[in-house]
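Report on the following structure.
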Amino acid sequence: MSDTTNTNPDANPEAQVVEDDPIAVRLAKREALMAAGKDPYGHAYRYSHHLADLVEQYAHLEDGASTEDEVQVAGRVMAKRDQGKLAFLELRDSTGDMQLFCRINALGEDAFAELKDLDVGDWIGVRGTMMRTKRGQLSVAVASFELLSKSLRPLPEKFHGLADKETRYRQRYVDLVMNPEVKGTFEKRFKVISAIRRYMEDHGYYEVETPILHPILGGANARPFVTHHNALDKDFYLRIATELHLKRLLVGGFEKVFEIGRQFRNEGMDPYHNPEFTTMEFYQAFSDLEGMMELTQGVIQAAALAACGTTQVEYQGAQVDLGGTWRRATMIELASEGAGEDVSFARTRDELVAILERNGGHAEDAWGKGKLIAEIFEAVAEEKLIQPTFVTEHPLEVSPLAKKKAGDPNLTERFELFICGHEYANAFGELNDPVDQAERFRKQVEAKDLGDDEAMGYDDDYVRALEYGMPPAGGCGIGIDRLVMLLTDAPSIRDVLLFPHMRDEAPAGGRPRAAAPAAVGAAAAAAAPIDFSKVVIEPLFEDEVDFDTFSKSDFRAVKVKECVAVPKSKKLLQFTLDDGTGAERVILSGIHAYYEPEELVGRTLIAITNLPPRKMMGVDSCGMLLSAIHEEPGENGEPEERLNLLMVDDRIPAGAKLY
């Protein structure tokens, strides 16, 4: 039976289904099976072979040949074709596909009718013999079958598949069924993690487990997720790093430890960042940066060989050689090379600010020379590092947990590994001076008191651990998700996460979704009642503008095709827009404090499209998105700015002009 036709209405007179509703048709089949005393959800099934094994084993079988070799296989029906007294099904298991050759003479009329009533998507177990058709198709000649699980939702149509990215990410289970290359990506991910684990254990490291709930924020600079421990009646942070607990183990006498685990940072999402991500951190007593470089290179090369069978890989069109010995260069060398002039602590602060601004960056008043040098490196050198490069000697100002470089207190024993313009690993000569560490914690607390919500807290217990003595050590963290992206040529981190976080799905078909615990962000602000008597708006301009000047501004409706956070910026979002011309338009807007990129994709906005391009963070911004701004009292009673991006009816086409 097809999804849309009921060929036997008398089988269940009460089951009147709408023929164009495939789910209703399948539900009726389910009810009919249960009414007949048959379980549509089966039981354990003992298969004798995987399909890929049969393909290999019977590769020699000639066209038109049959065997008496009995097999039992199980899988999902991916296609079916009815030819009267013959039927052909395509079966897929975890290893591949195979045709099922079904004859009414072999099955009997009743069983053949039941087989024809199967739907694409159903899971079945099959007993039969191996054969190859005259056209050369290796097949199982079906002698009997069992329904193991009835599929109620039709799979996407075969030739169009599942192409919409948001649907693919949200319904990964369907994505895996319809797109075999996606399954291959995750099989590579599993191989990468397995290879990393084997490599570390072969080099004498113990894999350990440390807490996910932390009472104090530490180990990195990041905005945390906060949760409440009911039994202790105390707030905890989901960990942003495993570092401080792992180094406690060095104090306790373990020499080599590593942990592969999830980290959680309550920050924006873009193609290279996700709030929940996987890292491996490892620490070795008596080691240094040299040891960490050797191990990092070995780990990544082992992962490449396991996933790709080679150390020569291609990422988004760039050929990357992961073999051999990787380049090593200092941050100051690379910044100077990229800027075309000396970038160092010998320059004045004003000179460094000027270099940064000439290269599209923006300096904050609180930044010292070290932070400015790091920002210049990011602006002029980072994206040019295509081949693996260890960038060493980072400024102390941006490395609060690293040991100072001997002979130069402005620099630290630290490296970052860059490939294709992105960071893949971060390593330190670990700070083991408890007095120095305590002072750096105090500076972090001062920064937090001044409003830096990413600064660390003061970890008394960690300082106490160092006071017992931690041996000199090297430590490193590797981003597993980014590494998998590199080895699978994936453009977005979501392509290598099985179940990436998504905004709430809009209700469909009258089926309510579970409500979120609490509304957050701009949506919550929009839904909350506003006391307009306390709202403050900017005074109207007294100066008039003539109509001819005003009419030269081109206001257009634009559709958001993609929206991502701009790397290295806490404020900017980068919009890729459809303005109706057929060419993509890029506009940057400093509204990240009010919106996350995810919630804006697919929206229809208003933009001024005939402004001259303006370079922001090295990107040409071609236009301006319109927002409405006002002030209203915040929680402390002080005026706070509120912003609402202008969004219009999605029925308005891209490029529609406003008058």
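For the single chain, residues carry numbers from 1 onward in sequence order. Small disclaimer: the values here were computed from a predicted structure and weren't measured.
Considering all non-hydrogen atoms of both residues, K191 and A306 come closest at CD-O, 3.7 Å. In terms of heavy atoms, A302 sits closest to Y199 at CB-CD1, 3.8 Å. Smallest separation of non-hydrogen atoms from P156 and V174: CD-CG1, 3.6 Å. The heavy-atom pair separating F145 from L107 by the smallest distance is CD2-CD2, 4.4 Å. Closest non-hydrogen pair, R30 versus P40, comes out as CG-CG, 4.1 Å. Across all their heavy atoms, A307 and K188 have their closest contact at O-CE, 3.3 Å.
The shortest distance between side-chain heavy atoms of M200 and L295 falls below 4.5 Å. Side-chain contact between M130 and M98: present, with at least one pair of heavy atoms (C-beta onward) separated by less than 4.5 Å. Within the 4.5 Å cutoff, the side chain of R127 has heavy atoms near those of the E70 side chain. For the pair L417/P388, a side-chain contact is recorded, criterion being any heavy-atom separation below 4.5 Å from C-beta on. L483 places a side-chain heavy atom less than 4.5 Å from the side chain of I196. No side-chain heavy atom of L238 sits under 4.5 Å from any side-chain heavy atom of E276. Between V182 and R168, the closest side-chain pair of non-hydrogen atoms falls below 4.5 Å. Using a 4.5 Å heavy-atom cutoff, the side chains of L600 and M647 are in contact.
Ring planes of H422 and Y272: parallel class, angle under 30° (limits at 30 and 60°).
For the ring pair (Phe, Tyr, Trp, His ring centres under 6.0 Å) test, residues two or more places apart in sequence or in another chain that qualify with F101 are F88. The side chain to side chain contact (heavy atoms under 4.5 Å, CB included) test applied to E383 returns no partner, not counting sequence neighbours. Residues forming a ring pair (Phe, Tyr, Trp, His ring centres under 6.0 Å) with H50 (at least two apart in sequence, or on another chain): Y47. The side chain to side chain contact (heavy atoms under 4.5 Å, CB included) search around V564 returns D270, P271, E562, Q574, not counting sequence neighbours. Remark: W326 pairs with F390 by the ring pair (Phe, Tyr, Trp, His ring centres under 6.0 Å) rule, at least two apart or across chains. Scanning for side chain to side chain contact (heavy atoms under 4.5 Å, CB included) contacts around R265 gives A220, A222, I240, A241, E267, F277, with sequence neighbours left out. D110 is linked by a side chain to side chain donor-acceptor pair (under 3.5 Å) to nothing, counting only residues two or more places apart in sequence or in another chain. With sequence neighbours left out, A87 forms a side chain to side chain contact (heavy atoms under 4.5 Å, CB included) with L89, C102, F112, L115. By the ring pair (Phe, Tyr, Trp, His ring centres under 6.0 Å) test, Y206 pairs with no residue at all, sequence neighbours left out.
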Name each donor-acceptor pair under 3.5 Å that joins a side chain in residues 576-584 to protein atoms two or more places apart or in another chain, with its distance.
unit_1	atom_1	unit_2	atom_2	d
D578	OD1	G580	N	2.9
D579	OD1	T581	N	3.1
D579	OD1	T581	OG1	2.6
D579	OD2	R585	NE	2.9
D579	OD2	R585	NH2	3.2
T581	OG1	A583	N	3.2
T581	OG1	A583	O	3.4
E584	OE2	K561	NZ	3.0

Under 3.5 Å, which donor-acceptor pairs link side chains of residues 56-66 to any protein atom two or more places apart or in another chain?
unit_1	atom_1	unit_2	atom_2	d
Y58	OH	D69	OD2	2.7
H60	ND1	Q57	O	3.3

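Distance alone, capped at 3.5 Å, is enough to place a donor-acceptor pair between the Q387 side chain and the D321 backbone. Side-chain atoms of R556 never come within 3.5 Å of backbone atoms of A607 as a donor-acceptor pair (strictly under, hydrogens ignored). Side-chain N or O atoms of D481 include one that pairs as donor or acceptor with a backbone N or O of T278 at under 3.5 Å. Judged purely by atom type and a 3.5 angstrom limit, S48 uses its side chain to pair as donor or acceptor with the backbone of Q72. Side-chain atoms of D82 come within 3.5 Å of backbone N or O of G84 as a donor-acceptor pair.
For residues 96-107, every residue pair satisfying the side-chain hydrogen bond (donor to acceptor under 3.5 Å, both in side chains) rule, not counting sequence neighbours, is listed here: R92-D97, Q99-S139.
The CZ atom of F575 sits 8.5 Å away from the CD1 atom of I587 when rounded to the nearest 0.5 Å. Taking SG of C308 as the reference point, atom CG of D489 lies at 9.5 Å (rounded to 0.5 Å). Within the model, atoms CD of Q137 and CE of M131 stand 10.0 Å from one another, a figure rounded to the nearest 0.5 Å. Note that the CD1 atom of I419 and the CD1 atom of I300 stand 5.0 Å from one another [nearest 0.5 Å]. In this structure, CD in E314 is found 10.0 Å from SG in C420, a value given to the nearest 0.5 Å. To the nearest 0.5 Å, atom NZ of residue K150 and atom CG of residue L33 are 7.0 Å apart.
Annotation: R603, atom CZ; neighbour count of heavy atoms from other residues, nucleotides and ligands within 6.0 Å does not exceed 12. Open room surrounds CD on E109; 12 or fewer heavy atoms of other groups in view lie less than 6.0 Å from it. Atom CD of Q83 is surrounded by more than 12 heavy atoms from other residues, nucleotides or ligands within 6.0 Å.
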Report task. Take V73 and D93 through the test side-chain contact (heavy atoms from CB on, under 4.5 Å) and record every step on the way to the result. Result -> CA-CA 8 Å; V73 294; D93 71 3; 5.8 Å; no
Query raised in the report: Can you list the steps and then say if R189 with I193 is a side-chain contact (heavy atoms from CB on, under 4.5 Å)?
Result: CA-CA 6 Å; R189 181 186 177 104; I193 294 174; 4.0 Å; yes
Report task. List the steps, then state whether side-chain contact (heavy atoms from CB on, under 4.5 Å) holds for R153 with I23. Result -> CA-CA 6 Å; R153 285 185 178 272; I23 295 178; 3.7 Å; yes
Query raised in the report: Hey, mind stepping through H273 and R482 against side-chain contact (heavy atoms from CB on, under 4.5 Å) and telling me if it holds?
Result: CA-CA 9 Å; H273 296 86; R482 283 194 187 176; 3.1 Å; yes
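Judged purely by distance below 3.5 Å, without hydrogens or angles, the side chains of Y169 and D495 pair a donor atom with an acceptor atom. Side-chain N/O atoms of T210 and E259 include a donor and acceptor closer than 3.5 Å. Between R198 and S194, the side chains place a donor N or O and an acceptor N or O closer than 3.5 Å (distance only, hydrogens not considered).
Using a 4.0 Å cut-off between charged nitrogen and carboxylate oxygen, K80 and D119 do not count as a salt-bridge pair.
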